[in-house]
Structure formats: structure tokens, C-alpha cells
Amino acid sequence: MHGLFGLDGLSESDLQGRAHRWWQLLGQSPGCGAYLIAASCALVDLRRSGAAHYSVRDHARRQRVEISYLNRQLAQEAGKFALKADDRVRVLGEDRVGSVVYRMIGQDPGDPFPAAWYVIAMPGLLRCRAHGSDELERVHAHAPASDVAPVARR
């Protein structure tokens, strides 16, 4: 499916930049939401697989395998506790604050439970980056407003 968006063969850096541009254009340009979702899926796949470049074919293969062992009931439970779109977050070890633009629940081989994966818009970097749930902390209203991603309009 993501081959339709011209993402096949792109590096993580290229995908991060494109995703950020599409995120900035949400609500202003038709189709940007679909492109952002496709790029976000690709970014999470790259992060989880460790691949240097995105491959539509490899991603589809990994999805087919994951479906065979993903516990749907546990994935649903994990989703209840996951961050939501537009939640403000800080990547652990960094000062920058961003916004959740995409989330998915997945289960890697050998992991006993599903976990959330996110794509975070980082305006100061002009990038959207993929992160696991263990790398993020929710930022509360009292956090400094500098370098905060504006809420995406839908």
C-alpha cells in the first residue's frame, strides 16, 4: 500500500523530513493526512526493523508475520493506556517537546506483550521521528512552550 506514496527505498532521514512537511500542511492541502499516515507507518517499520531504507515488500512481509502472533485482546488493552494524537511529549534525554502525530500497537517477536509505537512531530528539528513508548514522557501544561509542536488541525 505505501508504495503508492513513493516511499519505497527512502532513508529514515528522508521519511522524517517528508512526514514533517505533510504534518505542517494538514488541513491546508488535500491528501496530506494520508501521506502522513503512510510515512508514519514507514518510520515505525524502519525503527522496529533497523533497516537503513524503507522497503514496502519487507514491511508487508513483517506485517503478515506479526499478525500471526499478535494477541489482539492484549493489543486492545495496550491501546487504552497509550498516548493519544496531539499529546505533548518529551523524548527522554532531550529538552525538546513535540506532539504525537501517529500511534500504532505492535508486538515484536519474542516480546510477551504488545507495545505502543509513536511518531512525534519535532518542530525544532523539522522532523517527525518514530519512538517506542519507553522513550517518551507526557508533558504537562506547565512545561515551557518553546519548541512545542502546534496541534495538528483535522
Side-chain angles (χ1 to χ4, degrees), residues 1-91 96-109 111 114-139 147-154:
M1 170 187 145
H2 302 315
L4 300 174
F5 295 99
L7 304 178
D8 200 37
L10 293 180
S11 69
E12 182 179 39
S13 180
D14 289 336
L15 283 166
Q16 289 174 340
R18 287 181 187 212
H20 190 267
R21 283 190 298 281
W22 289 323
W23 171 75
Q24 288 178 312
L25 293 171
L26 279 176
Q28 300 171 30
S29 182
C32 283
Y35 280 98
L36 176 58
I37 290 170
S40 295
C41 289
L43 282 168
V44 169
D45 181 65
L46 279 181
R47 183 63 194 274
R48 292 175 72 191
S49 69
H53 293 85
Y54 180 64
S55 167
V56 173
R57 179 174 288 139
D58 292 346
H59 186 182
R61 181 184 48 76
R62 282 188 287 273
Q63 282 182 317
R64 283 191 301 275
V65 170
E66 183 175 15
I67 287 170
S68 71
Y69 59 80
L70 177 67
N71 183 318
R72 293 196 192 325
Q73 184 177 357
L74 290 177
Q76 216 171 13
E77 285 297 312
K80 290 178 186 177
F81 298 101
L83 296 165
K84 309 295 185 244
D86 299 328
D87 277 354
R88 292 175 45 194
V89 296
R90 182 180 327 277
V91 178
R96 289 184 171 86
V97 175
S99 288
V100 174
V101 298
Y102 176 81
R103 73 172 190 167
M104 60 93 48
I105 307 297
Q107 188 169 354
D108 290 330
D111 283 351
W117 288 87
Y118 302 95
V119 173
I120 310 300
M122 304 297 288
L125 300 176
L126 301 177
R127 294 276 180 260
C128 286
R129 301 186 319 191
H131 291 282
S133 55
D134 59 339
E135 303 169 19
L136 302 171
E137 64 181 352
R138 181 178 278 123
V139 175
D147 205 22
V148 174
V151 174
R153 292 184 212 121
R154 295 189 197 359

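- For the pair S40 and V101, the tightest heavy-atom approach, listed with the atom from each and the gap, is OG-CG2, 4.5 Å.
- When side chains are defined from C-beta on, D45 counts as touching Y54, because their heavy atoms get closer than 4.5 Å.
- Residues meeting the side chain to side chain donor-acceptor pair (under 3.5 Å) test with R48, sequence neighbours left out: E66, D108.
- Shown here for I105 and P114, the closest heavy-atom pair between the two residues is CG2-CB, 3.7 Å.
- With sequence neighbours left out, S13 forms a side chain to side chain contact (heavy atoms under 4.5 Å, CB included) with S11, R127.
- Side-chain contact between R72 and L70 is present, with heavy atoms from C-beta onward closer than 4.5 Å.
- Closest heavy-atom contact between L46 and L10: CD1-O, 4.4 Å.
- Side-chain contact between V44 and V119 is present, with heavy atoms from C-beta onward closer than 4.5 Å.
- Across H131, R96, R129, a single residue satisfies side-chain contact (heavy atoms from CB on, under 4.5 Å) together with I120, and that is H131.
- Here the side chain of S55 pairs a donor or acceptor atom with the backbone of D58 at under 3.5 angstrom.
- Scanning both residues, C32 and L26, for their nearest heavy atoms gives C-CD2, 4.1 Å.
- At most 12 heavy atoms of other shown residues, nucleotides or ligands fall within 6.0 angstrom of atom CD in Q76.
- For Y118 against A116, the heavy-atom pair with the smallest separation is OH-CB, 3.3 Å.
- Scanning both residues, A121 and C128, for their nearest heavy atoms gives CA-SG, 3.8 Å.
- In this structure, the side chains of C41 and Y102 come closer than 4.5 Å at one or more pairs of heavy atoms.
- Evaluation of the side chain to side chain contact (heavy atoms under 4.5 Å, CB included) rule for K84 yields D87, R103 as partners, not counting sequence neighbours.
- In this structure, the side chains of P123 and W23 come closer than 4.5 Å at one or more pairs of heavy atoms.
- Contact check for V89 versus S99: no side-chain heavy atoms found under the 4.5 Å cut-off.
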- Message: side-chain contact (heavy atoms from CB on, under 4.5 Å), that's the test. Do V100 and D86 meet it? Break it down for me.
- Response: CA-CA 5 Å; V100 174; D86 299 328; over 6 Å; no

